[in-house]
**Q** 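Before we start, here is the structure in question, set down as structure tokens.
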Amino acid sequence: MEKNINVKNRIIEATTELIEQYNGSIKDITARMIAAKAEVGLGLINYHFGSKEKLITECVQRIIGKVVTEFQMTKQYETDKERLTACAVYVFDFLFEHSAISRVSILGDLQNYTKDCNSVLTQRGFSLSLKSSISNEKKSMFVFILIAAMQAAFLGSDTAKQLLGYDFTKSKDRADYISKLVDILFEGTVQVGG
């Protein structure tokens, strides 16, 4: 059993490296390439994962899921707005710093949007940042819109630059975009006196 786990982990590690190397271009990554890099027989990919596509999806889900669950705030924030902005900037920076993996994850989520996909897990994480400013019934919609706007800006960053003027290759522009986005969302949802 332990040998199977080690083989499976080698396949996942090799696939992750290839996803990064090929900048998320899945069509350029073959099962033979994965097997060679992992130093395993080709049949083990299907044995452990069913298909190359399922393997890649699992790799990306693991990577992104780990990032989402391991993110911890090291600073205390006085307001929900500050806390959420910090979380969103962190996630948005991650998207651009790991663009190949992020692209695969987002596109995979959009094709198979489930309660366990990375987009929904990120929404749940963002909801935890909102402790008092937004009513419970509005939180889900609030974080859904925030995540959707982040994903659209990431996937269409060149067009977003033309339309909105933000150069997402620069961390300051990414932070400014998130700050403006959160400001706009809070303007429309914060309860009076909340």
Side-chain angles (χ1 to χ4, degrees), residues 16 20 24 57-161 163-194:
T16 302
E20 286 287 352
T57 299
E58 183 170 331
C59 290
V60 170
Q61 294 295 77
R62 282 181 178 212
I63 293 163
I64 302 292
K66 184 176 179 186
V67 169
V68 169
T69 57
E70 288 182 352
F71 173 67
Q72 296 176 351
M73 295 228 179
T74 55
K75 182 179 173 185
Q76 296 295 321
Y77 295 93
E78 291 185 29
T79 67
D80 285 359
K81 188 174 177 181
E82 291 173 347
R83 190 178 311 104
L84 180 62
T85 300
C87 285
V89 166
Y90 172 82
V91 170
F92 204 50
D93 282 344
F94 178 88
L95 294 178
F96 285 93
E97 291 165 5
H98 304 275
S99 61
I101 291 171
S102 298
R103 182 172 304 281
V104 171
S105 177
I106 292 169
L107 294 174
D109 285 357
L110 293 175
Q111 291 174 340
N112 188 26
Y113 203 78
T114 66
K115 64 182 176 80
D116 295 322
C117 71
N118 286 323
S119 296
V120 173
L121 294 177
T122 304
Q123 289 168 26
R124 286 186 200 140
F126 281 7
S127 289
L128 297 175
S129 297
L130 301 171
K131 298 179 183 202
S132 61
S133 296
I134 298 175
S135 66
N136 284 334
E137 63 268 9
K138 290 185 180 180
K139 278 184 188 180
S140 295
M141 183 62 75
F142 185 99
V143 297
F144 181 86
I145 293 168
L146 177 59
I147 296 291
M150 290 169 63
Q151 290 174 337
F154 168 73
L155 292 172
S157 60
D158 291 338
T159 302
K161 182 178 179 181
L163 295 173
L164 305 172
Y166 294 100
D167 180 356
F168 293 130
T169 63
K170 299 176 181 173
S171 61
K172 183 184 181 327
D173 278 14
R174 292 193 299 264
D176 289 347
Y177 171 76
I178 294 299
S179 182
K180 182 67 172 176
L181 183 57
V182 171
D183 283 346
I184 290 168
L185 290 170
F186 266 93
E187 286 173 15
T189 58
V190 175
Q191 298 171 350
V192 177

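Only heavy atoms go into these numbers, but all of them, side chains included; no hydrogens, no water, no symmetry mates. Positions are given from 1, in the same order as the sequence printed here. Here the structure is a predicted model, which is why all the values come from computation and not from measurement.
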**Q** Return the set of residues passing side chain to side chain contact (heavy atoms under 4.5 Å, CB included) with Lys170 (not counting sequence neighbours), or none when no residue passes.
**A** Asp167, Asp173

**Q** Using a strict threshold of under 4.0 Å (side-chain N to carboxylate O), is an ion pair present between Lys172 and Asp176?
**A** yes

**Q** Report yes or no: does Lys139 contribute a side-chain atom to a donor-acceptor pair with the main-chain N or O of Leu130 at less than 3.5 Å?
**A** yes

**Q** Answer whether the closest heavy-atom distance between the side chains of Ile101 and Thr16 falls below 4.5 Å.
**A** yes

**Q** So, using side-chain hydrogen bond (donor to acceptor under 3.5 Å, both in side chains) as the criterion, who are the partners of Ser102 when residues are at least two apart?
**A** none

**Q** Where do Arg103 and Leu155 come nearest, in terms of heavy atoms and distance?
**A** NH1-CD2, 3.5 Å

**Q** Apply salt bridge (charged side-chain N to carboxylate O under 4.0 Å, His left out) to Lys115 and list each qualifying residue two or more places apart in sequence or on a separate chain.
**A** none

**Q** So, do Tyr77 and Thr85 sit near enough that their side-chain heavy atoms are less than 4.5 Å apart?
**A** no

**Q** Could I get the full list of side chain to side chain contact (heavy atoms under 4.5 Å, CB included) partners for Leu164, not counting sequence neighbours?
**A**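 Expected list: Ala160, Tyr166, Tyr177.
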
**Q** Give me the atom names and distance for the closest heavy-atom approach of Thr114 to Val120.
**A** O-CG2, 3.2 Å

**Q** Who pairs with Ser119 by side-chain hydrogen bond (donor to acceptor under 3.5 Å, both in side chains), at least two apart in sequence or on another chain?
**A**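 Result, side-chain hydrogen bond (donor to acceptor under 3.5 Å, both in side chains) vs Ser119: Asp109, Gln151.
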
**Q** Say you draw a straight line from CE of Met150 to CG of Leu181; how long is it, rounded to the nearest 0.5 Å?
**A**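 CG of Leu181 is found 8.0 Å from CE of Met150.
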
**Q** Once ring pair (Phe, Tyr, Trp, His ring centres under 6.0 Å) is applied, do any residues pair with Phe96, and if so which ones, sequence neighbours excluded?
**A** Phe92, Phe154, Phe168

**Q** Side chain to side chain contact (heavy atoms under 4.5 Å, CB included) with Ile145: which residues, sequence neighbours excluded?
**A** Met141, Leu185

**Q** Run Ile106 and Leu95 through side chain to side chain contact (heavy atoms under 4.5 Å, CB included) and show every step you take.
**A** CA-CA 10 Å; Ile106 292 169; Leu95 294 178; 4.1 Å; yes

**Q** If you count every heavy atom of other residues, nucleotides or ligands that lies below 6.0 Å from Phe94 atom CZ, does the total exceed 12?
**A**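 Yes.
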
**Q** How far apart are the closest heavy atoms of Ala175 and Val89, and which atoms are they?
**A**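 Ala175 and Val89 have their closest heavy atoms at CA-CG2, 4.0 Å.
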
**Q** State, with a plain yes or no, whether a side-chain heavy atom of Leu84 is found less than 4.5 Å away from one of Leu146.
**A**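 Side chain of Leu84 against side chain of Leu146, heavy atoms only: contact under 4.5 Å found.
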
**Q** Hey, could you give me the CG/CD distance between Asn118 and Gln123, rounded to the nearest 0.5 Å?
**A**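 Rounded to the nearest 0.5 Å, the CG-CD separation comes out at 11.0 Å.
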
**Q** Hey, does Ser179 have a side-chain heavy atom less than 4.5 Å from the side chain of Asp183?
**A** yes

**Q** Using 4.0 Å as the upper bound for N to carboxylate O, is an ion pair formed by Arg83 and Asp80?
**A**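 Salt bridge flag = yes for Arg83 with Asp80.
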
**Q** Are the side chains of Arg124 and Leu121 in contact, using a 4.5 Å heavy-atom criterion?
**A** yes

